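Report on one structure; see the data block that follows.
Source: prediction; values computed, not measured.
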There are 2 protein chains.
Amino acid sequence: MTTKVNEEIDRALLELVKDGLVTGASADKITLRILGESTPPKPAPLSPDEIRALRERENVSQAVLARHLNVTVGYVSKIERGAKRPSGSALAMLHLIKRKGIAALA
Amino acid sequence: MTTKVNEEIDRALLELVKDGLVTGASADKITLRILGESTPPKPAPLSPDEIRALRERENVSQAVLARHLNVTVGYVSKIERGAKRPSGSALAMLHLIKRKGIAALA
DNA sequence: CTTTTTATGGCTCCTGGTGCTATAGTTCTT
DNA sequence: AAGAACTATAGCACCAGGAGCCATAAAAAG
């Protein structure tokens, strides 16, 4: 896309990206190749108990958590009982909350 | 669950929560009732073009975005072409990125 | 030029997640 | 005290979100 303009600078910027010192914005497109090992790993599955513990740690009701995840209350109830297992983005968000707290989604 | 201990302090803390001055942790459980209008609204659907524009704004490849959302590359490709429409947590995360940037998910 | 990665496209298939409904316990309001 | 409103659980039918697979083309890396 961007035609090679000033390769030196570009390379330097990409170095920073690679090191996680810079998040993106400038330089060329960030690809998997560039990020390499520093790409977010596939989030591990969370047990029903872990999910409930997580929610209680954040001190929110199922309804509030549901809104943040953009899912239904019934679904939250189910994943806490083990009737359903979250995957995909739902799982990603739970991990996000686990790491940074619900406040991070505000 | 928690038996009313020192209602005065509790009430005061909940006031702070209600005002968004405090995020949780202490006080009683945060419920929808308490949050009221300050609850995250249902995210509006994003058009294929908006999604692609968003990704390009963040300068990441489909593969990188996919990892962040914890979905497959194929799926990202599809929602950018309109072959599938994201909903639930996937949509929530896209809005998150739109608001705070991909860096917020790190 | 060769290899790797990105992006698209299509097909099948499974289950995540919805919607609805009902019940019971809590906590507010009057 | 009774009632309204919210929380949490539960079950069931149903749809489409998203996975997995394979193939193709094009761009970037080496």
Hphob cluster co-occupancy, A:Ile102 + A:Val73, side-chain heavy atoms under 4.5 angstrom: no
Using the 3.5 Å cut-off, write out each protein N or O paired with an N or O of nucleotides 4-6 of chain D and the distance between them.
none

side-chain hydrogen bond (donor to acceptor under 3.5 Å, both in side chains) involving B:Glu56 - partner list, sequence neighbours excluded: none
Where protein sits on nucleotides 14-23 of chain C, one letter per nucleotide: B base, S sugar-phosphate only, - none, heavy atoms under 4.0 Å: --BBBB----
Spacing between A:Ile30 atom CD1 and D:dA28 atom P, to the nearest angstrom: 16 Å
Sequence neighbours excluded, every pair satisfying side-chain hydrogen bond (donor to acceptor under 3.5 Å, both in side chains) that has a member inside residues 87-106 of chain A: none
Approximate separation, where rounding is to 0.5 Å, of B:Gln62 CD and B:Glu80 CD: 4.5 Å
Least distance between heavy atoms, A:Ser61 atom then B:Leu32 atom: OG-N, 3.9 Å
Whole-Å distance separating the CZ atom of A:Arg67 from the C1' atom of D:dA8: 16 Å
Sugar-phosphate only, base, or nothing, as touched by B:Ser77 at under 4.0 Å among non-hydrogen atoms: base
Whole angstrom value for the distance that separates P of C:dC28 from NZ of B:Lys29: 13 Å
Rounded distance (nearest 0.5 Å) linking atom CZ of A:Arg55 with atom NZ of B:Lys29: 5.0 Å
Atom-to-atom span, CG of B:Leu65 to C1' of C:dA7 - whole angstrom: 13 Å
A:Leu69 CG to A:Leu96 CG distance, which is reported to the nearest 0.5 Å: 10.5 Å
Approximate separation, where rounding is to 0.5 Å, of A:Ile51 CD1 and A:Ile79 CD1: 4.0 Å
Separation of D:dG18 P from A:Met93 CE (nearest whole Å): 13 Å
Separation of A:Asn59 CG from B:Thr31 OG1 (nearest 0.5 Å): 11.0 Å
Spacing of B:Arg81 atom CZ relative to D:dG17 atom P, expressed in whole Å: 14 Å
Residues forming a side-chain hydrogen bond (donor to acceptor under 3.5 Å, both in side chains) with B:Arg81, sequence neighbours excluded: B:Ser77
Rounded distance [0.5 Å steps], CG in A:Leu65 versus CD1 in A:Ile97: 5.5 Å
Helix axis bend for the helix from C:dC1-D:dG30 to C:dT30-D:dA1 - C1'-based end axes, five pairs, 10° rounding: 70°
Side chain of A:Arg52 - closest among D:dA10, C:dT8, D:dT9: D:dT9
